[in-house]
Amino acid sequence: MFHQLEKSIPLEIAARLSQQLQIDAPVQVEQPRDPKFGEFALPIAFQLARQMKQAPKAIAEKLVSAIGTLPGVAALEIAGNGYLNVRLDRARYLASLMQPPAEAAGAESGKVIIEHTNINPNKAAHIGHLRNAILGDTFARMLRASGETVEVQNYIDNTGVQVADVVVGFRYLEKKSLAEVEALSVAPRFDYYCWDLYARTSTYYKDHPDSLAWRAEVLHSIEGGTDEVSRLGHLVADAIVGCHLRTMARLGIVYDVLPRESEILHLQFWAKAFELLKERKALFLETEGKNKGCWVMPASAFRDATRAEEEDVDDSKVIVRSNGIVTYVGKDIAYQLWKFGLLGKDFFYEPLAGFPGVMVSTAEPQPASNSRFGGGQTVYNVIDSRQSYLQDVVVAGLRALGYHEQAAKSVHFSYEMVALTPRTCVDLRIPISEEDAKKAYVEVSGRKGLGVKADDLLDELIATAGREVGARHAEATEEDRRMIATQIAVAALRYFMLKFTRNTVIAFDLQEALSFTGETGPYVQYSAVRAGRILTKLTEPLPDYRSLSPAEIDDIAAELADENLWQLTLSVSKLESALARSIASGEPAHLARFAFQLAQSFSTFYENYPVLTEKNPRKKLLLLWMTDYFARQLRRTLDILGIPVPSFM
RNA sequence: GGGCGCGUAGCUCAGUUGGAUAGAGCAUCAGCCUUCUAAGCUGAGGGUCGCAGGUUCGAUCCCUGCCGCGCCUACCA
């Protein structure tokens, strides 16, 4: 409701200024620093001061008389040195909250595709991957909550170097047969096994550079053939994908479709994209220098063109290597074209065994494959900021093909890495150098096997939450306590990953992440649980506020003369506004912060206004409604953040 | 060298695209459970918004130059 007024009031004022004073200026709206100034502040007089060459205050006076009275607005005041402050009609506002008008169906805009998670299927997921998946999943929920059609894709690089390295480990270091690896792959924690093996293989390469030939050989087999090595690669990748999906499912994160790199290859996606790129002369065959024999994209395509010419260094990007094998970026261009429906090719799809509702790409035509994926109007790629250079190249590919509109709607939803504090490294017995110990944070490394595994972190969070639940609810069943502890752990983890804005490097601190007090997910959950508790304890049924007459609502609204109650009511009604802002800025952190503020507001309400014991019936009607409103808004906000609401805490 | 980003309270971070007296959590200190659950609440202390210029009615925010830090700058991704 607040959001609607936030949009409609400036428009209405702009219309009147245009009509009455022939002033055509965009009317900005702000929230006053001090709530006592009213609900909206308009700095319009300052904007006009220059061109009208008058003092802002004098202008403000003219504006006020020209604007007249506005529906739903109790007063329009001049404050400070020229602010126009809007005070809402509290009774009208309350009526609109208690009896909301039917929502107009949002304009049908095209499908939004969000690609996230995208973990190399060769080892267990770690905290860095969690940031990616939680950001992507939450943003998808935010868009859906605001009425968008969203498709979530998790790209599987099952034919890449990282998978090849684990295959090398199994085949050459451990000399395991396909059958032996198969047995391992169905055992618990296969992803942990591969985590260690991948680190060992990386170390082995370092000590025996000649062994890199194994990687090339395995990579070649995986990309092309159907031999035993290739089957080993698929076995590893498929098993690890299963591990990742199970890990993410613990956090409520699911996917619509898993496009795989193996299908990009077998269905000739790259060949098609290559054709298009060559046709448009977006790529050229380098004939000299370090990139001789490669198909490259000139730097001018994705860098500041004015500079590229004066530099003699060759920083064009290799797309096809001199041995004819395409790079990841090349495949990514093809994939990006497909996402926008521009490639002229599609995958075949089949249900992913063991994961209901999830489809996976396949190269085999399917009898009943009518699932339509891809063809989005806007595409968000949730990828860490270190890959911004490569994302620029991908977008440059679209532009080079003339798809400027799609290039503009191709968003690199970037985020900074998750590093570890030195203290946490010590806690987890992760060896670090003396040099690293002095830094604020230490970067994790999959190749070195350094990092915090997602499942370990979740297990630890659940154990910690379990102790807290046990201390408070000894009477609850073991099963209930376990469930509540899990919900609290999910809240703690999701909120922790969301509270930082995207371009902040998270220095992950275990003790901080394990905290459930202060600005945390569990704090917000606690508010929701308490709000629900009051309603549960209510002996009579909740009044039907929708059927109240205008006079009855006016009567209740008289209680909103209490400034604190009014401010609380206002703050609860700002969810849609916060959601819209959060989407516009591309910062889920803003919605997370709103959730925290909403919970704080509820705590204030809870402390200061005993609901059930309220003697004044009119006031009790308002307090009960507010409790229910708080409960609904807290639940909805948490739902958008992917955080469950426990039945007790 | 070039590109991108960062620098705000002791620590970790917000700051709604240039607006009124710069906020929150943690930590510290002092209080609050016979009352809808204390994972909570109230209060206190804590700031040269990295430095120096500039733009204007107004700058933490925009521009320029410094200083410090991080990431990227592969025929890895």
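So that the names make sense, note that chain A is the first sequence line, chain B the second, and so on, each numbered from 1. These numbers come from a predicted model, not from an experiment.
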*Find the partner of B:U64: check Watson-Crick (N1-N3 plus N6-O4 or O6-N4) and G-U wobble (N1-O2, O6-N3) distances, both under 3.5 Å, and reply none if neither fits.*
B:A52

*So what does A:Lys292 hit on the nucleic acid, given a heavy-atom distance under 4.0 Å: a base, only sugar-phosphate, or nothing?*
base

*Residue closer to the 5' end of RNA chain B, A:Ser603 versus A:His590 (nearest nucleotide)*: A:His590

_Mind checking if A:Tyr606 touches a base, just sugar-phosphate, or nothing, with heavy atoms under 4.0 Å?_
base

*When you check the phosphate oxygens OP1 and OP2 of B:C41, does a side-chain N or O of A:Tyr523 lie under 4.0 Å from one of them?*
yes

_Taking only the C1' atom of each, what is the distance from B:A59 to B:A38 in whole angstrom?_
43 Å

*When the ring planes of A:Trp214 and A:Tyr204 are compared, do they come out parallel, tilted or perpendicular, using 30° and 60° as the limits?*
parallel

*Report which part of the nucleic acid A:Phe46 touches: base, sugar-phosphate, or nothing (heavy-atom distance under 4.0 Å, all strands).*
base

*If you measure from the P atom in B:C67 to the same atom in B:G43, how many Å do you get, rounded?*
45 Å

_With a 4.0 Å cutoff (strictly under), does any side-chain N or O of A:Gln387 reach OP1 or OP2 of B:C71?_
no

*Now, which nucleotide makes the Watson-Crick or G-U wobble pair with B:G40, with each of the two distances under 3.5 Å?*
B:C32

*Kindly indicate whether the side chain of A:Asp384 and the base of B:A77 share any N or O donor-acceptor pair separated by less than 3.5 Å?*
no

*Pick base, sugar-phosphate or nothing for A:Phe500, based on heavy-atom distances below 4.0 Å to the nucleic acid.*
sugar-phosphate

_Tell me if the aromatic rings of A:Trp295 and A:Phe274 count as close, with their centers under 6.0 Å from one another._
yes

*Among the candidates B:A24, B:C75, B:A14, find the nucleotide nearest to the side-chain atoms of A:Phe596.*
B:A24

*Can A:Glu39 and A:Arg87 be counted as an ion pair, charged N to O under 4.0 angstrom?*
no

*Same-atom distance (C1') from B:G31 to B:C13, integer angstrom*: 28 Å

*B:G58 - base-pair partner by Watson-Crick or wobble geometry, distances under 3.5 Å*: none

_Sugar-phosphate, base or nothing in reach of A:Gln31, heavy atoms under 4.0 Å_ = nothing

*The side chain of A:Arg593 lies closest to which of these nucleotides: B:G25, B:A14, B:C71?*
B:A14

*Determine which nucleotide pairs with B:G5, using a 3.5 Å limit on both distances of a Watson-Crick or G-U wobble pair.*
B:C69

*P atom, B:U64 versus B:U21: distance in rounded Å?*
29 Å

_Does B:A77 have its OP1 or OP2 closer than 4.0 Å to a side-chain nitrogen or oxygen of A:Tyr328?_
no

*Nearest to the side chain of A:Thr517, which nucleotide is it out of B:A39, B:U37, B:A24?*
B:A39

*Measure the acute angle between the ring planes of A:Tyr629 and A:Trp625, then classify it against the limits of 30° and 60° as parallel, tilted or perpendicular.*
parallel

_Watson-Crick or G-U counterpart of B:C26, or none if no pair lies under 3.5 Å_ = B:G10

_Can you tell me if A:Arg530 touches the phosphate of B:A38, counting only side-chain N or O atoms and a distance under 4.0 Å to OP1 or OP2?_
yes

*Rounded to whole angstrom, note down the C1' distance from B:G58 over to B:G2.*
36 Å

*Within the pair A:Asn291 and B:C75, is there a side-chain N or O less than 4.0 Å away from OP1 or OP2?*
yes

*Please work out if A:Tyr609 contacts a base, only the sugar-phosphate, or nothing of the nucleic acid, heavy-atom cut-off 4.0 Å.*
base

*Quantified in whole Å, what is the C1' atom distance between nucleotide B:G15 and nucleotide B:C49?*
11 Å

*Just wondering, are more than 12 heavy atoms of other shown residues or ligands nearer than 6.0 Å to NE2 in A:His220?*
no

*Can you tell me how far P of B:A77 sits from OH of A:Tyr155, to the nearest Å?*
10 Å

*For the pair A:Arg502 and A:Glu416, find out whether any cationic side-chain nitrogen is under 4.0 Å from an anionic carboxylate oxygen.*
no

*So what does A:Val469 touch, heavy atoms closer than 4.0 Å: a base, only the sugar-phosphate, or nothing?*
base

*If you look at every strand shown and take non-hydrogen atoms under 4.0 Å, does A:Ile488 touch a base, only sugar-phosphate, or nothing?*
base

*asked:* Nearest to the A:Asn85 side chain among B:C6, B:C13, B:A20, which nucleotide is it?
replied: B:A20

_Tell me whether the side-chain N or O atoms of A:Arg472 pair up with the base of B:A39 as donor and acceptor below 3.5 Å, since no angle test is needed here._
yes

_Syn or anti for B:C69? Use the chi torsion, O4'-C1'-N9-C4 for purines and O4'-C1'-N1-C2 for pyrimidines, with syn inside 90° of 0._
anti

*asked:* I'd like the P distance from B:C29 over to B:G23, given in whole Å.
replied: 25 Å

*Does the side chain of A:Asp165 come under 3.5 Å of the side chain of A:Thr201 through a donor N or O and an acceptor N or O?*
no

*State which of B:A24, B:C71, B:A39 makes the closest approach to the side chain of A:Phe516.*
B:A39

_Base of B:C4, side chain of A:Ser388 - is there a donor-acceptor contact under 3.5 Å?_
no

*Check whether the aromatic ring of A:Phe37 stacks on the base of B:A20, taking stacking as ring centres less than 5.5 Å apart and planes within 30° of each other.*
yes

_Tell me whether the rings of A:Phe602 and A:Phe630 are parallel (<30°), tilted (30 to 60°) or perpendicular (>60°)._
perpendicular

*Base, sugar-phosphate, or nothing: which does A:Leu535 touch, judged by heavy atoms less than 4.0 Å apart?*
nothing

*Distance between the P atoms of B:A39 and B:C51, in whole angstroms?*
42 Å

*Can you tell which of B:C36, B:A22, B:A74 lies closest to the side chain of A:Arg33?*
B:A22

*Reckon A:Val611 touches a base, only the sugar-phosphate, or nothing at all at heavy-atom distances under 4.0 Å?*
base

*Touch check for A:Glu416, heavy atoms < 4.0 angstrom, all strands: base, sugar-phosphate only, or nothing?*
nothing

